[in-house]
Amino acid sequence: MTQAELRLCSLLLQEHFGEIVEKVGNSLLRTGPRPLRLLVGDTGLLPDQVKKALCVLIQHNLVRYEVQPRGSVEYEARSERILRILRYPRYIYTAKTLYGDPGELLVEELLLHGHLSMSRAVARVADRLTETMEDGKTMDYSEVSGTFVRLADTHFIQRCPMVPESPQSAKAPPPPAPALAIAEKDMYIVPRLSLVRKGKRRHSCDEEEEGERKAKRQKQEGGTSETPPDDGIYWQVNLERFHQHFRDQALVSAVASRMDQTSSEVVRTMLRMSEVTTASRASHTQPLSSNEIFRSLPAGYNIGKQVLDQYLALLADDPLEFVGKSGDSGGGTYTVSILWGELGVTRGPGTSRTSPGPFQHPSLIPLLLHRFGSRCARIFRLLLRKKHLEQKQVEDFAMIPAKEAKDMLYRMLSENLVSLQEIPKTPDHAPSRTFYLYTVNVMAAARMLLHRCYKSVANLMERRQHEMRENKRLLEKSQRVEAILASMQATGAEAAQLHEVEEMITGPERQQLETLKRNVNKIDASENQVDETIFVLESFIQSTMKGP
């Protein structure tokens with residue numbers, strides 16, 4: 001794990017869970033799997049604090065545990081899962097785009113709590129949606145539960161592993177830690193619940209506190225509240241399914257930019273038909289017959305079967321091979337190629353099939369242009385296309401003076417964007433009888449860019465924290481004024497009184513708040529843009545290491 005990843009993971013843990021959880025997570029990231037005793041000694045925290053921090057991390061799937069042969073339990077941080085916290089806003093926005101407000105809030109609640117039962121998630125979302133509605137209107141539990149079922153059917157959410165029910169003898173001691181498991185066929189089965197209630201509004205803080213005190217008193221007295229029918233069945237967000245959706249959207253956009261909208265709609269239909277049956281890391285979708293594709297096309301596309309066959313033939317004959325023909329049954333069977341290392345998802349028109357995908361992505365070329373200039377980017381593209389070139393050939397093909405070309409090549413060589421390969425003519429490796437060829441080590445360059453992206457996100461997060469610290473007093477004052485205004489509006493205060501409270505924030509302070517809001521929004525947007533680049537690079541590296 002690189003220092004940039006470690007720094008970013010620590011910042012994410014601190015921002016979302018606080019200093020104690022960050023200290024425990026950082027210790028696990030630095031040292032690897034450790035038992036509780038060593039973890040307490042390394043962090044300097046109380047054993048109870050470490051236990052609670054581990055509970056939080058396990059609840060959010062950020063730490064895994066394993067029982068060792070001697071009976072001890074070791075805890076290990078999942079760095080790749082911690083880095084996914086950066087992508088939470090994108091998951092939530094995607095759920096909103098696909099399933100509306102109920103889908104957005106369901107995914108948000110599951111991400112916020114790590115695991116939730118269906119009944120509790122539906123109740124929380126229905127209450128939140130009721131709060132935003134006009135007086136007299138409420139959100140039915142049935143509508144939210146319907147969205148929950150659709151999310152499970154399309155595999156965007158899945159059931160958490162449970163402790164398997166196995167008969168144990170009374171004399172056998174319990175294991176040090178439970179072994180959780182779930183069959184793949186049960187991961188998306190939604191329990192049958194009768195949710196016929198409506199969302200409730202929160203009336204006041206006093207009533208809410210009174211309700212909490214009453215529930216706490218009932219628990220202490222040994223009273224048992226009504227047990228939900230799905231007690232013990234918990235759900236979590238399936239991040240791999242969201243990544244599959246992002247990849248599919250990139251593929252559809254690439255087809256649309258290279259060919260036309262109808263071709264992209266054909267590919268979209270094929271991806272939609274096989275989205276549940278295709279594994280997240282598969283290189284191709286399941287084979288689909290031309291007749292099946294024709295029946296599944298959207299109603300708005302009035303194209304005949306013969307026209308569809310022509311589009312499929314064009315896609316299969318394209319050099320980038322977005323679609324491949326796998327058989328002739330049913331009018332011809334076709335698959336969509338979805339392996340990032342083999343696919344030209346990120347390539348523009350006119351690029352060869354052998355040119356590496358991520359370096360043609362529209363978000364990566366500007367990165368090269370900004371850091372090294374347009375001429376360095378030209379040399380880089382040239383080496384991608386020609387594979388191996390001598391310095392003199394680079395000068396001639398790129399039409400750049402010898403001195404500048406040499407300087408740019410050495411500059412990219414020092415940054416590990418290009419590498420130098422020696423091919424000797426004689427066994428003695430004499431420099432005068434050796435070819436020196438420049439080439440692009442694609443994997444090394446991709447890893448270097450990914451490392452820089454992690455550093456960029458960490459810098460952005462630290463900048464946002466600095467902005468918030470510098471304006472902490474002003475932000476607290478603004479929150480106090482907003483709370484006073486809200487309470488006065490609830491009691492029916494006059495407009496003059498409200499205006500008087502609003503004037504507690506002066507003009508310069510209001511302008512400073514606007515500047516702060518604008519700067520924080522820019523930082524948030526930049527984080528999302530960098531994360532898109534991270535997704536492209538990580539997908540390329542994973543698929544290339546896996547191979548076709």
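The figures that follow rest on heavy atoms only: side chains count, while hydrogens, waters and symmetry mates do not. Since the structure is predicted, the reported quantities are computational estimates derived from the model, not experimental observations.
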> Considering residues at least two apart in sequence or located in another chain, which fulfil the ring pair (Phe, Tyr, Trp, His ring centres under 6.0 Å) criterion with Y234?
Replying inline: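 None.
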> In chain order, what residues pass the ring pair (Phe, Tyr, Trp, His ring centres under 6.0 Å) check against H245, with sequence neighbours excluded?
Replying inline: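 Result, ring pair (Phe, Tyr, Trp, His ring centres under 6.0 Å) vs H245: none returned.
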> Hey, what's the ring geometry for Y91 with H243, parallel, tilted or perpendicular (30° and 60° as the breaks)?
Replying inline: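 Rings of Y91 and H243: tilted, 30 to 60°.
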> For Y93 and N528, does a side-chain donor sit closer than 3.5 Å to a side-chain acceptor?
Replying inline: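 No donor-acceptor contact under 3.5 Å links the two side chains.
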> Side chains of N459 and R7: do they bring a donor and an acceptor to under 3.5 Å?
Replying inline: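 Note: N459 and R7 side chains meet the donor-acceptor criterion.
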Within a strict 4.5 Å, meaning less than it, do heavy atoms of the [X] and [Y] side chains meet?
X: E74; Y: R34; answer: no
X: R87; Y: F246; answer: yes
X: E80; Y: L83; answer: no
X: S337; Y: V323; answer: no

>> The test is side chain to side chain contact (heavy atoms under 4.5 Å, CB included); show your working for E108 and R128 and say whether it passes.
In response: CA-CA 12 Å; E108 184 180 332; R128 287 180 62 181; 3.2 Å; yes
> Below 4.0 angstrom, N of the basic side chain to O of the carboxylate: do K517 and E514 qualify?
Replying inline: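 Salt bridge flag = no for E514 with K517.
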> Would R64 count as a cation-pi partner of Y75, with NZ or CZ less than 6.0 Å from the six-membered ring centre and within 45° of the ring normal?
Replying inline: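 Because its charged atom misses either the 6.0 Å distance or the 45° angle limit, R64 does not stack over Y75.
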> Is the NZ or CZ atom of R90 positioned over F535's six-membered ring, under 6.0 angstrom from the centre and within 45° of the axis?
Replying inline: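 Judged by the rule (NZ or CZ under 6.0 Å from the ring centre, within 45° of its axis), R90 counts as positioned above F535.
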